[in-house]
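Read through the structure below, which is laid out as structure tokens, and then see the notes.
Chain naming here is simple, since letters A, B, ... match the order of the sequence lines and numbering starts at 1 in each.
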2 protein chains.
Amino acid sequence: MAEAVLKAWSAFLGTHARALRRVEARLKAAGMPPLEWYDVLLELERAGGRLRIGDLAERVVVAPYNMTRLLDRLEADGLLGRERLATDRRGAFAVLTAKGGRLRKEMWPVYEAAIRDVFAPLTASEAQTLERGLDRVAARLRAADRDGPEAAAAD
Amino acid sequence: MAEAVLKAWSAFLGTHARALRRVEARLKAAGMPPLEWYDVLLELERAGGRLRIGDLAERVVVAPYNMTRLLDRLEADGLLGRERLATDRRGAFAVLTAKGGRLRKEMWPVYEAAIRDVFAPLTASEAQTLERGLDRVAARLRAADRDGPEAAAAD
DNA sequence: GGTGTTTAATTGCAAGTGCAAATATATGTG
DNA sequence: CACATATATTTGCACTTGCAATTAAACACC
């Protein structure tokens with residue numbers, strides 16, 4: 001377990017667990033809902049306020065059946081609504097409400113401060129390397145998910 | 001959301017979710033238990049086969065009450081045992097069994113292949129930067145956890 | 001030596017998650 | 001058109017997690 005990739009993986013996992021734990025704690029301490037809610041609200045906002053449930057699930061990286069239930073909770077809080085679409089009535093949009101937009105804005109300062117605090121030990125250049133490298137990894141994983149998971153193991 | 005730290009954070013979260021999902025899928029496809037089991041077994045092995053339950057929880061980054069239940073499952077599978085200690089009978093050791101050691105060894109090749117596959121897009125130098133940076137972050141978080149969580153928000 | 005405080009581990013219960021099946025609708029083919 | 005097949009979302013059920021409370025043993029100190 002001496003090699004760079006393996007050590008990087010181990011640091012990746014360990015740091016993620018600790019970092020998430022702290023960020024969630026900060027949000028909770030500020031009386032805010034979990035991080036996941038923020039992600040959903042943000043993705044909706046980015047998409048202009050409405051997004052197919054499946055797309056949302058893919059972007060937030062949550063299994064579709066869990067997205068259903070996550071949306072149930074947000075909807076119960078009035079942060080978003082659902083709209084069945086007319087053209088294909090199997091599908092539905094999640095639609096951001098004004099309240100949802102407001103909550104997202106309220107959460108951001110707390111979230112941002114937590115991120116900056118947690119990642120404070122990184123230099124700007126490290127942060128950039130991290131971003132680029134991990135984005136490349138994620139892009140490949142996303143592609144593999146699309147082309148069928150088997151194709152991924154291939155090359 | 002243009003700044004390096006924030007983009008790095010976002011890549012960090014997104015990549016973690018996708019990467020973990022794939023690694024877990026690979027383990028399951030090979031008929032192996034979840035990643036978490038591996039971590040427990042590995043930490044025990046590293047510690048020479050026995051570790052206080054609280055220490056184990058800290059190393060694996062799991063809340064103590066969840067460690068209790070995680071150990072219940074591993075114990076039910078014969079992968080480890082518990083030993084109440086004589087000097088302080090509140091505390092207990094988790095003790096690796098031969099079967100536990102064997103399982104860990106069996107899991108490793110599958111796990112390693114998955115890691116290498118997922119992190120394949122990283123150059124060695126990126127991997128090293130990642131490892132160093134994230135380890136520094138984790139070290140600070142660990143320290144803050146020890147010194148009481150309030151101290152962390154301080155500086 | 002008894003009383004109050006701290007610590008390690010566990011547990012009850014409510015909430016969240018994974019998996020496999022169900023529902024409802026669309027699409028393709030003979 | 002009828003029928004098998006595919007897609008988007010949801011649901012039932014078992015398992016896992018988070019939180020607050022519990023148990024059990026040590027310490028502290030008067």
How about [X] and [Y]: do any of their side-chain heavy atoms sit closer than 4.5 Å?
X: A/Leu130; Y: B/Thr129; answer: no
X: B/Arg26; Y: B/Val118; answer: no
X: A/Pro33; Y: A/Met107; answer: yes
X: A/Glu36; Y: A/Val62; answer: yes

Which atoms of nucleotides 9-16 of chain D (N or O only) lie under 3.5 Å from a protein N or O atom, and what are those distances?
residue: D/dT9; atom: OP1; partner: A/Arg52; partner atom: NE; Å: 3.3
residue: D/dT9; atom: OP1; partner: A/Ile53; partner atom: N; Å: 3.4
residue: D/dT9; atom: OP1; partner: A/Ala92; partner atom: N; Å: 3.2
residue: D/dT9; atom: OP1; partner: A/Ala92; partner atom: O; Å: 3.1
residue: D/dT9; atom: OP2; partner: A/Gly54; partner atom: N; Å: 2.8
residue: D/dT10; atom: OP1; partner: A/Arg82; partner atom: NE; Å: 2.9
residue: D/dT10; atom: OP1; partner: A/Arg82; partner atom: NH2; Å: 3.4
residue: D/dT10; atom: OP2; partner: A/Thr68; partner atom: OG1; Å: 2.8
residue: D/dT10; atom: OP2; partner: A/Arg82; partner atom: NH2; Å: 3.3
residue: D/dG12; atom: O6; partner: A/Arg69; partner atom: NH1; Å: 3.1

What's the [atom1]-[atom2] distance between [X] and [N], to the nearest Å?
X: A/Glu58; N: D/dA8; atom1: CD; atom2: P; value: 11 Å
X: A/Arg21; N: D/dT17; atom1: CZ; atom2: P; value: 14 Å
X: B/Leu80; N: C/dA9; atom1: CG; atom2: P; value: 14 Å
X: B/Glu75; N: C/dA9; atom1: CD; atom2: C1'; value: 13 Å
X: A/Glu24; N: D/dT17; atom1: CD; atom2: P; value: 15 Å

Pairs where residues 53-66 of chain A contributes a residue and the test side chain to side chain donor-acceptor pair (under 3.5 Å) is met, not counting sequence neighbours: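 Of all non-adjacent pairs touching residues 53-66 of chain A, none passes side chain to side chain donor-acceptor pair (under 3.5 Å).
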Can B/Leu56 be reached from A/Leu13 by stepping across I, L, V, M, F, W or Y side chains whose heavy atoms are under 4.5 Å apart? yes
